[in-house]
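All heavy atoms count here, side chains included; hydrogens, waters and symmetry mates do not.
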Amino acid sequence: MTTAPHPLVSRARQLADDLLAPYAERVDQEGLPESHIEAVKRSGLLGVGAPVEYGGAGAPSAVAREIAEILAGACCSTWFVQTQHHTPVKLLADSRFPVRERLLRPLATGELLSGVAYAQVRAFPRVLVRATPERGGWRFDGTVPWYTGWGLNDVMLLAGLSADDEVVFAATEAREQPGMRPSPPMKLAALTAGRTVSLELDGLWLPEDALVLRTPQERFALVDRPRNTNVSPAVFGVAYAALGLLESAPDATETARSLRSHLDSVRQQAYALADHPVPHERVDERLALKTRAHDLMRTATTAAIVAVGGRALTLGNRAQRLAREGMFLLIQGQTAQVRQAQLEALRTSVPSMSGESARRE
């Protein structure tokens, strides 16, 4: 008996097939159009994990992961902009502050799209953005190195660190305003279309009723750090998209079949760990699966380039785009712990010379 897919998974596939995949190369070169964002808003996908009582779908994590795979495999730029939205939804759903009632429903229904600027608090004990109580609200000063979706998002959640080592999140409009100045959009090797900027904060003042979260840095890190030890579903999405290209090449079917088998196995193990009830347990195992998934993604995208041949050097080629997106996913959300695990895996994967090769040296 075959289980019917969740309605949002079916909707994601339709969006991917009808809009995202056919225009992915154009988006990669020309930028993400507002029409793509409007289509995502209308799809209901922005509320996949949001509470039902606020207009969301309240779907389980497995559904959200499958949707992420579909979107990333079709157009990684679109996936990356919309994935920023789900952290603010989760934070607002758990918030005890009044802003929850003002913003959660429009975010859950897709009326508004949110971005998030909080990677800077992961640099602790360095303080890149300082949050200071001032005039019945909070003042933010410093630099946000990365903010994705500028000019596409309606709302942003901004994080800073207080003098008492509290992580402070507040919501504001995603636009230039007194005390907040964006850089020009960054030109990146991949996902330039996502409109990523840095933000200079010089006395940005947000009222008390903009607060979403205040929590000790240690408590925040306990929850936040394990997130990036899990494999991003986008890694599997890009890898499977590359295998789809490989399977269309007559002389690459055996390679594609072997890689797909390995990828399916790692995916199953990785998601089983992601569903483990204690996120900060079995970290070494999570990191090992993450590096293995990255290895397979890199191999799949490289194999697609080999199969396509010289055409892969053109910027409008899908295999080449997937390879660049895979490079981006290697470092997206990278923490020091993840970087160390990746480098160690790369070091130990280098074969040592032996036998005739060693003797010739």
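- Side-chain contact between M186 and W146 is present, with at least one heavy-atom pair separated by less than 4.5 Å.
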Query raised in the report: Should K90 and H86 be marked as a side chain to side chain contact (heavy atoms under 4.5 Å, CB included) after you check the CA-CA gap, both sets of side-chain angles, and the distance that decides it?
Result: CA-CA 6 Å; K90 177 67 167 63; H86 300 292; over 6 Å; no

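- There is no path of hydrophobic side-chain contacts, each under 4.5 Å, that joins L45 to L104.
- A salt bridge is absent between E34 and K41; no separation between the charged side-chain nitrogens and carboxylate oxygens falls under 4.0 Å.
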Requested in this report: With side chain to side chain contact (heavy atoms under 4.5 Å, CB included) as the test, would you mind laying out the steps for F236 and L296 before giving the verdict?
Outcome: CA-CA 9 Å; F236 295 115; L296 287 167; over 6 Å; no

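- Remark: the backbone N or O of L330 is paired with a side-chain donor or acceptor of Q342 at under 3.5 angstrom.
- S114 and P88 make their closest contact through OG-CG, 3.3 Å (heavy atoms, listed as atom of the first residue, atom of the second, distance).
- A donor-acceptor pair under 3.5 Å is absent between the side-chain atoms of D164 and the main chain of E166, judged by distance alone.
- Separation of atoms CG (L199) and OG1 (T143) is listed at 9.0 Å; rounding is to 0.5 Å.
- When side chains are defined from C-beta on, Q217 does not count as touching V121, because their heavy atoms never get closer than 4.5 Å.
- Of all heavy-atom pairs spanning Q332 and S232, the tightest one is OE1-OG, 4.3 Å.
- In terms of modelled atom types and a separation under 3.5 Å, the side chain of S261 and the main chain of R257 share no donor-acceptor contact.
- Here C75 contributes atom SG and H36 contributes atom NE2; the two are 5.5 Å apart, rounded to the nearest 0.5 Å.
- Using a distance-only test at 3.5 Å, with no hydrogens or angles considered, a donor-acceptor pair links the side chain of W205 to the main chain of E134.
- Here the closest non-hydrogen pair linking L206 and A171 is CD1-O, 4.1 Å.
- Side-chain heavy atoms closer than 4.5 Å link hydrophobic residues (I, L, V, M, F, W, Y) into clusters, and following such links, possibly through other members, connects F328 to I70.
- Looking at R105, its side chain does come within 3.5 Å of a backbone N or O of E53 through a donor-acceptor pair.
- L8 and A57 get closest at one heavy-atom pair: CD1-CB, 3.6 Å.
- Ion pairing of R227 with D224 is present here, as a side-chain N (NZ or NE/NH1/NH2) and a carboxylate O approach within less than 4.0 Å.
- Residues Y54 and T109 come closest through the heavy atom pair O-CG2, 4.0 Å.
- The distance from atom CH2 of W150 to atom OG1 of T196, rounded to the nearest 0.5 Å, is 12.5 Å.
- For the pair L161 and V167, the minimum side-chain heavy-atom distance is below 4.5 Å.
- D264 and R260 are not joined by a salt bridge, as no carboxylate oxygen comes within less than 4.0 angstrom of a charged side-chain nitrogen.
- Looking only at side-chain heavy atoms (C-beta outward), R292 and Q269 stay at 4.5 Å or farther from each other.
- Although no hydrogens or angles enter the test, the distance criterion places no donor-acceptor pair under 3.5 Å between the side chain of S95 and the main chain of L91.
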Requested in this report: Could you walk me through whether W138 and E208 pass the side chain to side chain contact (heavy atoms under 4.5 Å, CB included) test, one step at a time?
Outcome: CA-CA 7 Å; W138 289 82; E208 189 74 21; 3.4 Å; yes

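- Without hydrogens or angle criteria, R286 side chain to A270 main chain gives no donor-acceptor distance under 3.5 Å.
- Between the side chain of Q29 and the main chain of E25, no donor-acceptor pair closer than 3.5 Å is present.
- Here the straight-line distance linking atom CG of L92 with atom OG1 of T87 works out to 11.0 Å at 0.5 Å rounding.
- Contacts classified as salt bridge (charged side-chain N to carboxylate O under 4.0 Å, His left out) and involving residues 184-194 (residues at least two apart or in different chains) are not found.
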Requested in this report: Start with the C-alpha distance between R195 and V197, add both sets of side-chain angles, then the distance that settles side chain to side chain contact (heavy atoms under 4.5 Å, CB included), and finish with yes or no.
Outcome: CA-CA 7 Å; R195 303 194 195 181; V197 299; 5.9 Å; no

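- Partners of F220 by ring pair (Phe, Tyr, Trp, His ring centres under 6.0 Å), not counting sequence neighbours, listed by chain and number: F169.
- Using a 4.5 Å heavy-atom threshold, the side chains of L157 and Y118 count as separate.
- Other residues, nucleotides and ligands contribute more than 12 heavy atoms inside 6.0 Å of the CD atom of Q177.
- Enclosure of atom CZ in R225 is not indicated, since only 12 or fewer non-hydrogen atoms of other residues, nucleotides or ligands lie within 6.0 angstrom.
- Side-chain contact between N228 and R122: present, with at least one pair of heavy atoms (C-beta onward) separated by less than 4.5 Å.
- In this structure, the side chain of H85 engages the main chain of L107 through a donor-acceptor pair within 3.5 Å.
- Formation of a donor-acceptor pair under 3.5 Å by the E69 side chain with backbone atoms of P233 is not found in this model.
- Applying the 6.0 Å contact sphere to CZ of R26 captures no more than 12 heavy atoms from other residues, nucleotides or ligands.
- We find the CD-CD distance between Q320 and E325 to be 9.0 Å, quoted to the nearest 0.5 Å.
- V89 is connected to L158 through a chain of hydrophobic side-chain contacts under 4.5 Å among Ile, Leu, Val, Met, Phe, Trp and Tyr, so both are in one cluster.
- When the side chains of ILVMFWY residues are joined at heavy-atom separations under 4.5 Å, either directly or via intervening members, M156 and L128 end up in two distinct hydrophobic clusters.
- Crowding of R181 atom CZ: a count of heavy atoms from other residues, nucleotides or ligands under 6.0 Å not exceeding 12.
- No donor-acceptor contact under 3.5 angstrom links the side chains of E254 and S258, judged on distance only.
- In Y23, the OH atom is not crowded: 12 or fewer heavy atoms of neighbouring residues, nucleotides or ligands sit closer than 6.0 Å.
- Screening L191, V81, L322 for a side-chain contact (heavy atoms from CB on, under 4.5 Å) involving C76 leaves a single residue, L191.
- A continuous path of hydrophobic side-chain contacts links F124 to V116 [ILVMFWY only; heavy atoms under 4.5 Å].
- Side-chain contact between L243 and L246 is present, with at least one heavy-atom pair separated by less than 4.5 Å.
- Scanning both residues, T148 and N153, for their nearest heavy atoms gives O-ND2, 3.0 Å.
- Taking a 6.0 Å sphere around CZ of R96, one finds it holds 12 or fewer heavy atoms contributed by other residues, nucleotides or ligands.
- Residues E247 and L259 have side chains not in contact (no heavy-atom distance under 4.5 Å, counting atoms from C-beta outward).
- Atom CZ of residue R219 and atom CG of residue D165 lie 13.5 Å apart, to the nearest 0.5 angstrom.
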